[in-house]
Amino acid sequence: MNKQITLPAYTTEELANKTLQELTGILIKDEDRVPLNVIVECARRGEPMLDLFIQQHQDNSLWQYEMDVDQFWQRFHTVMILGMMPSERAGLLLVELMRRMALEEDRDLQDWLDPDWPGLYRNKPDSIRRELCKLCEERKLGWYLRASAVNVIMELAGEQDGDDLERRLAWLAGMASDKNEDFDFRLLLGNYLLDHPRAEYLPLLEDLANRQDDYIKHFSMDDVRRAYAGEEKMQGNEYTKNPWAFYEPDAIIERQMRWQEEAAKASQRQQSLDKNTAYEPFHPDTYIRLEPKIGRNDPCPCGSGKKYKKCCL
């Protein structure tokens with residue numbers, strides 16, 4: 001049976017009277033149950049709040065080696081608040097936090113934020129996109145975070161004029177052609193080029209398709225053929241979701257119910273293990289596909305809302 005879920009609540013007047021430190025204390029205390037009006041109030045404080053975030057980043061209070069779960073959520077909320085701030089300084093710090101979470105190998109935070117990056121950058125000036133391009137070219141950051149940054153750039157490029165899109169495609173093709181680049185990253189870039197097929201990039205895409213093994217393919221020669229034959233159509237912006245829907249009461253309650261269910265299942269598994277002292281040896285069977293093969297443009301079965309090519313593939 002689910003425990004009753006009580007959500008934290010703060011009035012507008014109550015939040016307006018709190019200091020910056022008290023507001024950030026709420027971000028820590030309430031973990032993933034922080035109400036939306038707390039995030040809005042933090043963003044409303046503007047430059048003073050931004051100065052505090054910069055200080056917390058620079059003195060490493062956000063990046064301790066072993067952090068409690070509440071401090072993890074403080075990092076998450078900091079990113080969400082910066083996404084509400086349209087200033088260049090907020091955008092620069094957002095880029096720097098992306099870079100740092102890659103260097104810290106904070107994959108959990110990257111997973112939580114991955115679908116939201118385009119929405120968090122949408123209100124930022126063009127200068128921030130140039131900084132994101134620089135981040136994409138930093139190989140020490142690993143392909144996963146760089147892929148998230150590429151997605152932001154391409155989502156926003158699609159909202160600009162045609163020349164901007166063509167420049168971005170040429171930039172992607174340059175990185176995808178670099179044989180010293182991470183191969184998985186090159187394949188992900190190839191997926192973007194397939195979304196916007198251009199004659200000059202066809203030899204590159206054919207080469208990338210042929211270099212993949214048969215076990216798991218990001219895209220095949222058939223995918224290339226279909227894209228250039230016009231059989232694959234872009235389905236519009238995949239990231240129309242509102243990042244701050246995370247803070248809506250229904251979303252918060254759904255998460256708490258999911259945590260309760262997962263905790264109950266984990267407890268049951270542990271009890272089952274404790275009752276059994278002898279274990280049968282494990283003999284793996286030959287793998288048999290139980291579900292139809294998933295296409296690169298199909299919705300990812302994990303439920304993220306993204307296409308398979310940009311998610312679990």
Side-chain angles (χ1 to χ4, degrees), residues 102 110 114-115 117-118 121 129-130 132-239 289 291-302 304-313:
Q110 295 178 56
D114 183 63
W117 289 120
Y121 278 100
R129 300 178 193 184
R130 292 192 290 271
L132 277 172
C133 287
K134 295 178 184 178
L135 184 147
C136 293
E137 296 168 359
E138 294 183 37
R139 296 180 185 177
K140 66 181 180 181
L141 300 182
W143 71 267
Y144 185 59
L145 194 282
R146 296 166 69 202
S148 295
V150 167
N151 189 55
V152 175
I153 293 166
M154 294 308 297
E155 288 288 327
L156 299 182
E159 300 173 0
Q160 303 299 312
D161 58 64
D163 289 341
D164 184 62
L165 177 59
E166 296 306 318
R167 286 192 295 270
R168 297 306 181 201
L169 291 175
W171 171 67
L172 293 185
M175 290 190 289
S177 301
D178 188 346
K179 295 182 179 179
N180 293 320
E181 183 59 85
D182 182 280
F183 190 58
D184 283 326
F185 188 58
R186 295 175 66 194
L187 295 176
L188 183 135
L189 300 177
N191 269 313
Y192 285 103
L193 295 174
L194 278 180
D195 288 338
H196 306 276
R198 303 293 189 266
E200 59 267 38
Y201 308 134
L202 177 57
L204 168 62
L205 291 168
E206 290 176 334
D207 180 63
L208 290 174
N210 284 325
R211 286 177 180 271
Q212 299 176 61
D213 60 43
D214 292 330
Y215 183 62
I216 296 179
K217 284 184 176 289
H218 285 249
F219 55 87
S220 65
M221 286 296 293
D222 284 342
D223 292 322
V224 175
R225 179 192 59 77
R226 284 193 294 268
Y228 276 81
E231 296 176 12
E232 287 191 358
K233 301 295 183 182
M234 290 291 289
Q235 299 176 359
N237 193 326
E238 297 173 46
Y239 290 96
R289 183 186 296 276
E291 300 292 340
K293 182 178 179 182
I294 303 168
R296 59 186 290 274
N297 280 314
D298 291 338
C300 189
C302 77
S304 68
K306 295 188 290 183
K307 291 181 182 178
Y308 185 49
K309 66 187 176 186
K310 294 181 181 177
C311 195
C312 292
L313 176 59

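Every heavy atom of this structure was used, including side-chain atoms; hydrogens, water molecules and symmetry mates were not. Quick caveat: nothing in here was measured; it's all calculated off a predicted structure.
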For residues 199-207, which side-chain donor-acceptor pairs fall under 3.5 Å, sequence neighbours excluded?
from: Tyr201; atom 1: OH; to: Ala170; atom 2: N; distance (Å): 3.4
from: Asp207; atom 1: OD1; to: Arg211; atom 2: NE; distance (Å): 3.2
from: Asp207; atom 1: OD2; to: Arg211; atom 2: NE; distance (Å): 2.8

task: Could you tell me whether a side-chain N or O of Tyr228 sits under 3.5 Å from a main-chain N or O of Asp223, the two making a donor and an acceptor?
output: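 Such a contact is absent between Tyr228 side chain and Asp223 backbone.
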Taking C-beta and beyond as the side chain, do [X] and [Y] meet within less than 4.5 Å on heavy atoms?
| X | Y | result |
| --- | --- | --- |
| His218 | Asp184 | yes |
| Pro118 | Met154 | no |
| Asp114 | Asn151 | no |
| Gln212 | Phe183 | yes |
| Val150 | Arg146 | no |

Nearest-0.5 Å distance that lies between atom [atom1] in [X] and atom [atom2] in [Y]:
| X | Y | atom1 | atom2 | result |
| --- | --- | --- | --- | --- |
| Leu188 | Trp143 | CG | CH2 | 7.0 Å |
| Ile153 | Arg130 | CD1 | CZ | 12.0 Å |
| Leu172 | Asn191 | CG | CG | 11.0 Å |
| Leu169 | Leu165 | CG | CG | 4.5 Å |
| Leu208 | Ser220 | CG | OG | 12.5 Å |

Closest heavy-atom pair and its distance - [X], [Y]:
| X | Y | result |
| --- | --- | --- |
| Phe219 | Leu187 | CE2-O, 3.4 Å |
| Met221 | Ala209 | SD-CB, 3.7 Å |
| Cys136 | Ala149 | SG-CB, 3.5 Å |

field: Listed partners of Asn180 passing side-chain contact (heavy atoms from CB on, under 4.5 Å), at least two apart
entry: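 Per chain and number, Asn180 pairs via side-chain contact (heavy atoms from CB on, under 4.5 Å) with Arg139, Asp178.
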Under the side-chain hydrogen bond (donor to acceptor under 3.5 Å, both in side chains) test, residues paired with Trp171 that sit two or more places apart: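 Counting only residues at least two positions away or on another chain, Trp171 forms a side-chain hydrogen bond (donor to acceptor under 3.5 Å, both in side chains) with Glu137.
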side-chain hydrogen bond (donor to acceptor under 3.5 Å, both in side chains) involving Arg186 - partner list, sequence neighbours excluded: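 Counting only residues at least two positions away or on another chain, Arg186 forms no side-chain hydrogen bond (donor to acceptor under 3.5 Å, both in side chains).
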message: As a quick check of understanding, evaluate side chain to side chain contact (heavy atoms under 4.5 Å, CB included) for Leu145 and Leu135, giving each step before the final call.
response: CA-CA 9 Å; Leu145 194 282; Leu135 184 147; 3.4 Å; yes
